[in-house]
Amino acid sequence: MDKHLPPNTIMISPVTRIEGHAKITIMLDDASQVKDAQFHVNEFRGFEKFCEGRYFTEMPAITPRICGICPVSHSVASAKACEMIMGITVPYTGNLLRRMIHLGQHISSHALSFFHLSSPDFILGWDSDPVKRNILGVAEKFPDLARRGIRLRKFGQELSERVTGKKIHIMGIVPGGMSFPLTAENRQALLDWVPEAIETTQMGIDLIKKYHQEHHQEVSTFANFPSMYLGTVGPQGEMELYDGKLRFIEADGTIAADQVDPKFYLDYIAERVIPWSYLKYPYYKPHGYERGFYRVGPLARLNVASKMKTPIAQKEFEQFKAIGQGQPVHGTFYFHYARLIELMQAVEECKTILEDSQVTQSKTQVTGRHNYWEGIGCSEAPRGTLFHHYKTDASGKLVNINLLIATGQNNPAMNRSVLEVAKQYIKGKDIKEGVLNRVEAAIRCYDPCLSCSTHAIGQMPLLIEVRDHQGGLLNAIQRG
Amino acid sequence: MLSKEDKKVFVVGVGNLLRSDDGVGPLIAEKIAKKNIAGISVITSQLLNIELLEDAIGYERILIIDAGAVGSGVVLKKIECHGVAAQASSHHLSPEFLLAMAQELYEINLNLYVCCVRGQNFDVGNILSASVKELIPQAMARVEEFLMHSQSATTR
């Protein structure tokens with residue numbers, strides 16, 4: 001037993017099927033009811049310090065190494081920050097290709113999140129055998145779905161590879177644009193793949209909607225709590241994943257701040273340190289930390305948006321909005337549905353880009369120099385709004401770096417979600433594995449990326465411990 | 001496009017070059033790639049991803065080169081998945097899991113091998129620890145021996 005654990009504590013460590021290491025501590029009161037919950041992040045990334053002293057133009061190549069799942073978002077935010085320092089504007093075709101690669105990353109990440117990480121819970125059942133409750137179990141029962149999920153993820157990767165020649169760490173995104181053009185042959189190959197990608201995404205949407213219908217009570221009450229939301233929108237309030245302005249909404253749906261240039265993010269977002277985690281607690285600055293907690297990511301983006309940009313996604317968006325009856329949709333489980341609607345927009349938008357007559361033009365990059373001392377870049381990563389903020393010295397070397405990542409911004413909400421689900425499902429000491437899986441699932445809804453940067457063999461054990469009110473071990477489960 | 005006869009070994013160097021010893025897999029893979037050995041395809045990746053299956057299928061053997069947080073020295077072994085209690089994670093897909101997925105989804109028994117180099121330091125940084133640097137020649141020798149054997153082996 002961990003001697004530092006207070007009595008009446010349940011610990012789940014680390015959370016499975018998310019990136020990085022984490023643990024959940026649930027405190028019980030004397031009556032064995034849930035009193036509080038904390039979501040701990042144990043990894044310390046240190047990239048901000050590591051990058052000090054480097055020349056700012058190196059950042060779009062360095063920062064993608066923060067995450068193996070969303071490297072493009074880091075590249076995009078980083079390149080934008082560099083372009084602000086240089087005072088340059090990316091050419092039309094360069095922006096088209098960047099946008100397409102970025103959407104491709106959303107497609108890959110969302111496909112992985114839904115088909116491989118989250119769907120086992122509701123396809124195979126929350127309480128099914130945990131050894132099979134993963135993509136392997138899905139593959140056994142629904143091989144076509146599993147294969148399609150892999151193909152969809154591969155399609156997203158192809159959108160990068162066909163431009164840059166690389167899958168994971170995109171070297172094509174540079175300050176000023178893209179270092180590679182798209183060939184006509186690659187454009188056609190990608191266009192040919194689009195119908196299959198739309199079909200698979202629609203299968204996912206139909207699957208989640210069927211689950212919602214059959215489990216309405218569970219879905220609508222699962223970690224359902226009010227919060228503010230932040231997302232990026234276009235000039236007409238349309239949902240944006242690549243570039244736009246920030247919109248904050250209140251828990252009742254009223255707009256708190258709109259069309260905010262991301263470079264003013266520090267006027268709206270502040271952070272405070274908490275003792276039990278390396279992740280800070282960001283909040284909407286005008287409201288203070290007690291009232292200003294907000295969420296980012298797919299659920300937030302759909303809640304803040306007035307409309308989608310593509311027809312099929314718009315149709316689903318209208319159904320999604322109907323759930324909230326004019327209010328934001330607060331149920332955490334709806335992250336999955338929102339993620340799939342975003343995925344649909346991403347696929348449809350890629351088709352639009354590929355059909356643009358200028359997508360294969362060769363003018364993809366402009367060059368520039370160190371003209372300003374400070375740069376801020378923003379993109380919508382799969383998990384939410386991402387900010388890169390660089391300050392340089394006179395020579396262009398970085399003296400200060402602030403990376404505000406999506407998972408950090410969702411940290412307060414993840415804590416709250418764990419607490420809500422724990423309160424809903426944990427009743428007394430007899431806690432079954434399926435109940436703990438639901439607690440973990442609350443975290444998986446956010447699909448957090450905690451330290452997606454090292455993965456060495458032997459580093460991902462799972463230990464779930466259940467302890468009684470005196471600290472005694474009631475149950476322990478080890479996986480992986 | 002490689003013909004079936006040309007697809008001898010698919011080498012995947014896995015790891016993050018900016019997480020110290022975690023970068024040893026891609027580093028060794030890149031050294032192998034520079035040798036331009038016929039029939040050997042090499043890629044590097046920060047993560048072992050599920051879609052690698054579609055790339056790997058058709059090769060006689062697949063070799064994953066990776067850093068390890070457990071074990072010692074350099075170990076090159078064939079992966080089996082008898083009774084594997086697979087655990088999926090977008091961050092950490094095990095070779096055993098990949099093997100099981102190939103069997104389940106594509107009804108293919110991959111000849112999957114892992115070369116594991118024991119790492120010591122996985123903190124942020126781009127410098128390998130002294131112990132890993134010492135292991136690289138040994139790892140290269142093991143991998144090259146494996147590749148030579150694969151080249152001379154009869155296609156099954």
Side-chain angles (χ1 to χ4, degrees), chain A residues 16-21 44-47 49-50 62 64-69 71 108-109 112-113 116-117 120 130-140 143 146-147 149-151 153-157 166-169 447 449-462 479-480, chain B residues 14-26 43-55 64 66-71 75 81 83-98 100-107 114 116-119 121-126:
Chain A
T16 55
R17 281 187 277 147
I18 58 173
E19 290 113 9
H21 294 191
F44 177 63
R45 191 175 286 120
F47 265 87
K49 276 288 166 198
F50 173 70
I62 293 173
R65 302 249 168 219
I66 292 169
C67 175
I69 300 296
S108 282
S109 179
L112 187 70
S113 172
H116 302 141
L117 301 184
V131 172
K132 292 281 186 184
R133 197 180 53 227
N134 52 39
I135 185 60
L136 200 56
V138 174
E140 192 178 313
R147 268 193 297 267
I150 292 172
R151 290 269 304 161
R153 179 165 163 76
K154 191 168 171 60
F155 171 65
Q157 301 282 21
K166 288 193 81 175
K167 284 182 189 173
I168 303 295
H169 289 299
D447 190 20
C449 173
L450 301 168
S451 79
C452 183
S453 44
T454 185
H455 77 289
I457 291 169
Q459 281 214 328
M460 286 292 286
L462 165 69
R479 298 177 191 154
Chain B
V14 185
N16 187 345
L17 293 167
L18 294 185
R19 288 297 290 252
S20 303
D21 291 348
D22 197 44
V24 72
I43 67 161
T44 62
S45 175
Q46 182 171 318
L47 306 172
L48 200 54
N49 284 311
I50 201 162
E51 66 273 13
L52 275 175
L53 273 177
E54 294 221 341
D55 296 325
I64 294 166
D66 200 356
V70 292
V75 176
C81 70
V84 170
Q87 180 61 54
S89 160
S90 61
H91 186 73
H92 183 81
L93 189 70
S94 72
E96 291 84 358
F97 194 86
L98 212 56
M101 284 294 284
Q103 287 173 350
E104 196 64 56
L105 284 182
Y106 303 97
E107 297 178 354
V114 167
C116 181
V117 182
R118 178 66 160 99
N121 174 26
F122 296 94
D123 289 338
V124 173
N126 55 359

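Remark: B:Asn49 CG to A:Arg153 CZ distance equals 4.5 Å, nearest 0.5 Å. Taken from CG in A:Leu136 to CD in B:Glu104, the straight-line distance is 6.0 Å, to the nearest 0.5 Å. Interatomic distance, CD1 of A:Ile150 versus CG of B:Leu105, reported as 5.0 Å (0.5 Å rounding). A distance of 13.5 Å separates CZ of A:Phe155 from CD of B:Glu51, quoted to the nearest 0.5 Å. To the nearest 0.5 Å, the span separating CG on B:Leu53 from CZ on A:Arg147 amounts to 11.5 Å.
Of the listed residues (B:Gly25, B:Gly125, B:Gly119), the greatest number of heavy-atom pairs within a distance under 4.5 Å of chain A belongs to B:Gly125.
Of the candidates B:Leu17, B:Asn126, B:Leu18, A:Ile62 forms a side chain to side chain contact (heavy atoms under 4.5 Å, CB included) with just one, namely B:Leu18.
Nearest heavy atom pair, residue A:Ala139 against residue B:Met101, reads CB-SD, 4.1 Å.
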